[in-house]
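Basis for what follows: all heavy atoms, side chains included, without hydrogens, waters or symmetry-related copies. Source: prediction; values computed, not measured.
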Amino acid sequence: MNFLYLLNYFILSIFLTLFGLEVGIALLFLLPFKKYYIILQKYLAPIWEVEGTFAVFYVVNLIATYPLAVPVIGALYVFPALIGGLFLIARNAFLAYSEYADWHKDVHLKIYSLATIIIAFILTAIVGSAISGNGVNLKIFMPMFMTMFLNPFNLVLFASIALLGIAAASIIFSITELKYASAIFIAIAIIGMLYVISIYMHYAIMNLLSAPSILIAMIIFLLVVISLHIANNKISGILFAAWLVSAINLFGVIAYPYFFGGNINITDFLTNSASANAILNITIIGGTVLTLSLLYLIYASYIKKENK
């Protein structure tokens, strides 16, 4: 298995975990959990710039790792990406308004939440299309936008991400009203994703079943996290984030080396060997600095403040 592929997927897994948590927070802002608003908002204020930096870091690494795929990605996904960019502007603006404006904070948070959820839906459609092949005509590299957004794979994937996001927010921020519901959300999300993957990516399910020890380890890991959460152990939040990162990377492993529902071999688009070492070294150095910065931010913004 190509190491550049794994490294690119690892960066993606960190971004998706951070963004999935933000989607969960956005959904909670739309639900009657007002007493948690201050706690949730304290997370968003310092973390959203780091999350954006991870997104940019991933896109740069994606272009460097798969330079031959750039024309294909541009032809298929530039329009939905631009639409998502418009909602990103609204998201950033209303997040800032909710933080610094002294009026209509609840309204600003709700608009921020709606924009974030729309961005998540667009991003899910793009990623889901690249995974399953839905919404694209690969013979002429033409997007089919209605199919891209409204297909069973994308809808189930988005619903699963939303449920995992709410569960992550519940576990990390100790939302007591959702202590037991979060376990149900996780189970529904996993079952839903496994179901649509089995339909659209049968080869991935076969790869997963061929490594039962890894599957069992992931299940045990998750059960430990849920048990610690029910026991009110704060480390459960960190462990669940680690589980999400691991689960996304596991999906990358079982899907390798195919994209678009098995119709394209991703290794055909990899950079040449002359550039691979330079990209690998720069990505590892940059990723290490970025990860250490994120860890320090978490320590300074949450752990140290809580200990005062």
State the [atom1]-[atom2] distance between [X] and [Y], to the nearest 0.5 angstrom.
{"X": "I63", "Y": "I73", "atom1": "CD1", "atom2": "CD1", "answer": "8.0 Å"}
{"X": "L239", "Y": "S246", "atom1": "CG", "atom2": "OG", "answer": "10.0 Å"}
{"X": "E177", "Y": "L31", "atom1": "CD", "atom2": "CG", "answer": "11.5 Å"}
{"X": "I118", "Y": "L114", "atom1": "CD1", "atom2": "CG", "answer": "6.0 Å"}
{"X": "L40", "Y": "I172", "atom1": "CG", "atom2": "CD1", "answer": "10.5 Å"}
{"X": "I166", "Y": "L21", "atom1": "CD1", "atom2": "CG", "answer": "11.5 Å"}

Nearest heavy-atom neighbours spanning [X] and [Y]:
{"X": "I279", "Y": "N61", "answer": "CG2-ND2, 4.2 Å"}
{"X": "I122", "Y": "F149", "answer": "CA-CE2, 3.8 Å"}
{"X": "A241", "Y": "T17", "answer": "O-CG2, 3.9 Å"}
{"X": "A162", "Y": "V23", "answer": "CA-CG1, 4.5 Å"}
{"X": "K179", "Y": "N232", "answer": "NZ-OD1, 2.8 Å"}
{"X": "H108", "Y": "F94", "answer": "O-CB, 3.6 Å"}

Between [X] and [Y], ring centroids under 6.0 Å:
{"X": "Y5", "Y": "Y9", "value": "yes"}
{"X": "Y258", "Y": "Y203", "value": "yes"}
{"X": "F121", "Y": "F158", "value": "yes"}

Can a donor-acceptor pair be found, under 3.5 Å and without considering hydrogens, that links the side chain of [X] to the backbone of [Y]?
{"X": "S98", "Y": "L95", "answer": "yes"}
{"X": "K110", "Y": "F29", "answer": "yes"}
{"X": "N151", "Y": "M148", "answer": "yes"}
{"X": "N8", "Y": "L4", "answer": "no"}
{"X": "T288", "Y": "I284", "answer": "yes"}
{"X": "S198", "Y": "Y195", "answer": "yes"}
{"X": "S182", "Y": "A167", "answer": "no"}
{"X": "W243", "Y": "M218", "answer": "yes"}
{"X": "N233", "Y": "H229", "answer": "no"}
{"X": "T124", "Y": "A120", "answer": "yes"}

Is the number of heavy atoms from other residues, nucleotides or ligands within 6.0 Å of [atom1] ([X]) greater than 12?
{"X": "F251", "atom1": "CZ", "answer": "yes"}
{"X": "L292", "atom1": "CG", "answer": "yes"}
{"X": "F87", "atom1": "CZ", "answer": "no"}
{"X": "L82", "atom1": "CG", "answer": "yes"}
{"X": "L86", "atom1": "CG", "answer": "yes"}

May I ask you to test the [X]-[Y] pair for a side-chain heavy-atom distance under 4.5 Å?
{"X": "I171", "Y": "L178", "value": "no"}
{"X": "F185", "Y": "L164", "value": "no"}
{"X": "I111", "Y": "V107", "value": "yes"}
{"X": "I25", "Y": "F173", "value": "yes"}
{"X": "N249", "Y": "L6", "value": "no"}
{"X": "F79", "Y": "P143", "value": "no"}
{"X": "V70", "Y": "F269", "value": "no"}
{"X": "T283", "Y": "I11", "value": "yes"}

Is there a path of hydrophobic side-chain contacts, each under 4.5 Å between heavy atoms, that joins [X] and [Y]?
{"X": "M146", "Y": "I83", "answer": "yes"}
{"X": "V56", "Y": "L18", "answer": "no"}
{"X": "F54", "Y": "I282", "answer": "no"}
{"X": "F260", "Y": "M206", "answer": "no"}
{"X": "I248", "Y": "I191", "answer": "no"}

Is a donor from one side chain sitting under 3.5 angstrom from an acceptor on the other, for [X] and [Y]?
{"X": "N134", "Y": "T147", "result": "no"}
{"X": "Y112", "Y": "Q41", "result": "no"}
{"X": "Y256", "Y": "T267", "result": "no"}

Report task. Check step by step if side-chain contact (heavy atoms from CB on, under 4.5 Å) holds for L27 and T116. Result -> CA-CA 9 Å; L27 288 167; T116 300; over 6 Å; no
Requested in this report: Would you sort out whether S170 and Y36 count as a side chain to side chain donor-acceptor pair (under 3.5 Å), showing the intermediate values?
Outcome: CA-CA 10 Å; S170 169; Y36 295 101; over 6 Å; no
Query - Residue of the set L222, V245, I226 for which side-chain contact (heavy atoms from CB on, under 4.5 Å) holds with F240 - result: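 For F240, the side-chain contact (heavy atoms from CB on, under 4.5 Å) test succeeds with only one of L222, V245, I226, which is L222.
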Requested in this report: Start with the C-alpha distance between L194 and L208, add both sets of side-chain angles, then the distance that settles side-chain contact (heavy atoms from CB on, under 4.5 Å), and finish with yes or no.
Outcome: CA-CA 10 Å; L194 288 175; L208 179 62; 4.2 Å; yes
Query raised in the report: Between F15 and F19, what is the ring plane arrangement, given parallel below 30°, perpendicular above 60°, and tilted in between?
Result: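 Aromatic pair F15/F19 classed parallel.
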Requested in this report: Might you work through the side-chain contact (heavy atoms from CB on, under 4.5 Å) test for D106 and K34, ending with a clear yes or no?
Outcome: CA-CA 9 Å; D106 288 356; K34 194 168 183 178; 2.8 Å; yes
Query raised in the report: So V136 and Y77, side-chain contact (heavy atoms from CB on, under 4.5 Å) or not? Walk me through it.
Result: CA-CA 9 Å; V136 295; Y77 302 121; 3.8 Å; yes
